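Remember, it's 1-based here, ligands and their atoms both numbered in the order they're listed. Note that this is a predicted model, so its numbers are computed, not measured. Keep in mind that the numbers below use all heavy atoms, side chains included, and drop hydrogens, waters and symmetry copies.
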Amino acid sequence: MAIQRTFSIIKPDATKRNLTGAIVAKFEAAGLRVVASKRIQMTLAQAQTFYGVHKERPFFGELCEFMISEPIVVQVLEGEDAIAKNREVMGATNPAEAAEGTIRKEFALSIGENSVHGSDGEDTAAEEIAYFFSGLELVG
Ligand code: GDP
């Protein structure tokens, strides 16, 4: 597998509980390198655009309100097979179903407040990175 880049968010439930370093340590231990990182707070419009694919889902409003409730840390992770590796380290969406040792198993509070976001494919990774980072911020 080639070296890939993927997009990650450390969500409000995790930044609020001071878990940024603990979560980054999980990425690094899995061989993922943080090649860009910044702490921001999204506007409602930005959250609605970012999660636009879920706009018909019953939890859309709750999800967007949650994502703007506190600052988040947006990151680009790089490594061998980074998209799948990040999803593996994150664990299942619902922490009750997440495997031992995964971020969501250890830190997530619920299916909604589940500590991390990670791109689910090559196209979404490229789109999500470009939504939050300019080329100048990606130093590799
Ligand atoms: P992911 O790729 O594992 O993050 O999962 P999805 O793409 O299916 O969902 C996106 C995000 O929406 C999840 O990470 C959760 O924060 C949220 N979400 C998904 N399902 C539910 C749900 O049933 N209730 C609530 N409140 N939030 C949900």
Side-chain angles (χ1 to χ4, degrees):
M1 235 304 169
I3 299 291
Q4 290 178 326
R5 285 182 172 179
T6 190
F7 176 72
S8 163
I9 300 179
I10 302 178
K11 294 185 179 183
D13 67 284
T15 60
K16 191 177 179 175
R17 288 176 292 146
N18 232 8
L19 293 171
T20 299
I23 289 174
V24 169
K26 291 271 198 192
F27 294 142
E28 292 184 339
L32 294 165
R33 182 184 304 279
V34 178
V35 297
S37 179
K38 59 188 174 187
R39 184 174 163 96
I40 61 165
Q41 188 156 12
M42 278 197 285
T43 63
L44 183 59
Q46 287 168 338
Q48 287 170 337
T49 300
F50 180 72
Y51 277 119
V53 66
H54 293 307
K55 65 176 183 292
E56 306 302 337
R57 310 281 286 273
F59 56 81
F60 180 66
E62 194 182 327
L63 173 61
C64 292
E65 289 297 335
F66 164 61
M67 290 301 292
I68 68 167
S69 65
E70 294 277 338
I72 58 175
V73 176
V74 291
Q75 299 191 303
V76 179
L77 306 177
E78 184 179 88
E80 187 92 4
D81 207 7
I83 296 167
K85 190 173 284 179
N86 181 39
R87 299 285 304 183
E88 196 180 306
V89 178
M90 288 164 57
T93 309
N94 184 348
E97 291 163 11
E100 285 301 327
T102 61
I103 292 168
R104 284 168 165 169
K105 176 71 176 183
E106 280 189 31
F107 302 124
L109 300 175
S110 65
I111 191 169
E113 300 196 16
N114 60 2
S115 304
V116 279
H117 164 86
S119 308
D120 62 5
E122 286 185 37
D123 292 349
T124 47
E127 281 166 25
E128 291 174 356
I129 290 169
Y131 189 61
F132 287 99
F133 291 96
S134 72
L136 285 175
E137 293 174 298
L138 297 165
V139 292

Could you name each residue pair satisfying salt bridge (charged side-chain N to carboxylate O under 4.0 Å, His left out) that touches residues 102-119, not counting sequence neighbours? K26-E106, E100-K105
How are the rings of H117 and F50 set relative to one another: parallel (under 30°), tilted (30 to 60°) or perpendicular (over 60°)? perpendicular
Under 3.5 Å, is there a donor on one side chain and an acceptor on the other for E70 and T15? no
Hydrophobic clusters join Ile, Leu, Val, Met, Phe, Trp and Tyr when side-chain heavy atoms are under 4.5 Å apart, directly or via other members; which others share one with I83? none
Students should find this: residues with any non-hydrogen atom under 4.0 Å from ligand 1. What is the answer? K11, H54, F59, E62, L63, R87, T93, R104, I111, G112, N114
Given a cutoff of under 4.5 Å between side-chain heavy atoms of I, L, V, M, F, W and Y, with clusters grown through shared members, what are the other residues clustered with V89? I10, L19, I23, V24, F27, L32, V34, V73, L77, M90, I103, F107, V116
F133 and F7 aromatic ring geometry - parallel, tilted or perpendicular at 30°/60° bounds: perpendicular
